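Please read the structure below before turning to the comments.
These figures come from a predicted structure and were not determined experimentally. Excluded from the calculations below are hydrogen atoms, water molecules and symmetry mates; all remaining heavy atoms, backbone and side chain alike, are included.
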Amino acid sequence: MKTLKQVAIGDTVKVVKLHGQGATKRRIMDMGITRGAQVYVRKVAPLGDPIEVTVRGFELSLRKEDADMIEVE
C-alpha cells in the first residue's frame with residue numbers, strides 16, 4: 001500500500017482509497033480528493049509538513065498525517 005505521503009515531488013498519482021473516520025475523512029473528500037481523482041504533488045515544505053498538491057485544478061496543502069490516510073497507485 002502506497003500513500004500520498006510517500007509520493008515523490010513532481011509525480012501524479014490516482015487515489016485508490018481513503019482511510020480514516022468521520023470528520024477527517026469528510027474534510028478530505030470535501031477538498032476534492034475522492035476515489036479515482038488524479039493528484040499531482042507540487043512541493044513539500046522544508047521540514048516535510050505540509051505537502052502541496054494539485055487536485056481537480058485546485059492547489060491544496062495537506063498535513064502529513066492526512067496524506068498518510070490517502071492510498072494511491
Side-chain angles (χ1 to χ4, degrees):
M1 177 180 93
K2 184 176 182 181
T3 64
L4 187 58
K5 179 180 170 183
Q6 301 164 331
V7 175
I9 297 170
D11 288 350
T12 301
V13 291
K14 180 179 172 184
V15 176
V16 177
K17 185 176 181 180
L18 295 175
H19 299 278
Q21 298 294 321
T24 304
K25 184 176 180 180
R26 171 56 52 196
R27 185 171 47 83
I28 291 170
M29 291 175 69
D30 287 345
M31 288 190 278
I33 302 173
T34 57
R35 191 165 37 115
Q38 298 289 321
V39 179
Y40 171 69
V41 179
R42 293 182 38 119
K43 57 185 169 181
V44 177
L47 296 176
D49 199 13
I51 299 168
E52 188 174 311
V53 298
T54 301
V55 181
R56 302 178 194 267
F58 294 98
E59 295 175 4
L60 303 171
S61 291
L62 293 170
R63 296 180 300 195
K64 280 200 293 192
E65 67 180 48
D66 292 342
D68 205 30
M69 293 184 212
I70 303 167
E71 186 177 337
V72 298
E73 64 178 6

Please determine whether salt bridge (charged side-chain N to carboxylate O under 4.0 Å, His left out) holds for the pair D66 and R27, giving the CA-CA distance in whole Å, both sets of side-chain angles, and the decisive distance to 0.1 Å.
CA-CA 10 Å; D66 292 342; R27 185 171 47 83; 3.0 Å; yes
Does the pair V15 and I33 meet the rule for a side-chain contact (heavy atoms from CB on, under 4.5 Å), with working shown?
CA-CA 7 Å; V15 176; I33 302 173; 3.9 Å; yes
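Nearest approach of T54 to E59, heavy atoms of both residues: OG1-CG, 4.0 Å. Nearest heavy atoms, L62 versus M31: CD2-CE, 3.6 Å. Across all their heavy atoms, G32 and A37 have their closest contact at O-CB, 3.9 Å.
For residues 5-26, every residue pair satisfying the salt bridge (Lys or Arg N to Asp or Glu O under 4.0 Å) rule, not counting sequence neighbours, is listed here: R26-D30.
Once rounded to the nearest 0.5 Å, the distance linking OH of Y40 with CD1 of I9 reads 9.0 Å. Once rounded to the nearest 0.5 Å, the distance linking OG1 of T24 with CE of M29 reads 13.0 Å. How far CE of M69 is from CG of L18: 10.0 Å, rounded to the nearest 0.5 Å.
No side-chain heavy atom of I70 sits under 4.5 Å from any side-chain heavy atom of T3.
Evaluation of the side chain to side chain contact (heavy atoms under 4.5 Å, CB included) rule for V41 yields L4, V7, I51, V53 as partners, not counting sequence neighbours. R35 meets the side chain to side chain donor-acceptor pair (under 3.5 Å) test with no other residue; sequence neighbours excluded. E52 is linked by a side chain to side chain donor-acceptor pair (under 3.5 Å) to R42, counting only residues two or more places apart in sequence or in another chain. Under the side chain to side chain donor-acceptor pair (under 3.5 Å) criterion, E71 pairs with H19, sequence neighbours left out. For T34, the side chain to side chain donor-acceptor pair (under 3.5 Å) criterion is met by R56, not counting sequence neighbours.
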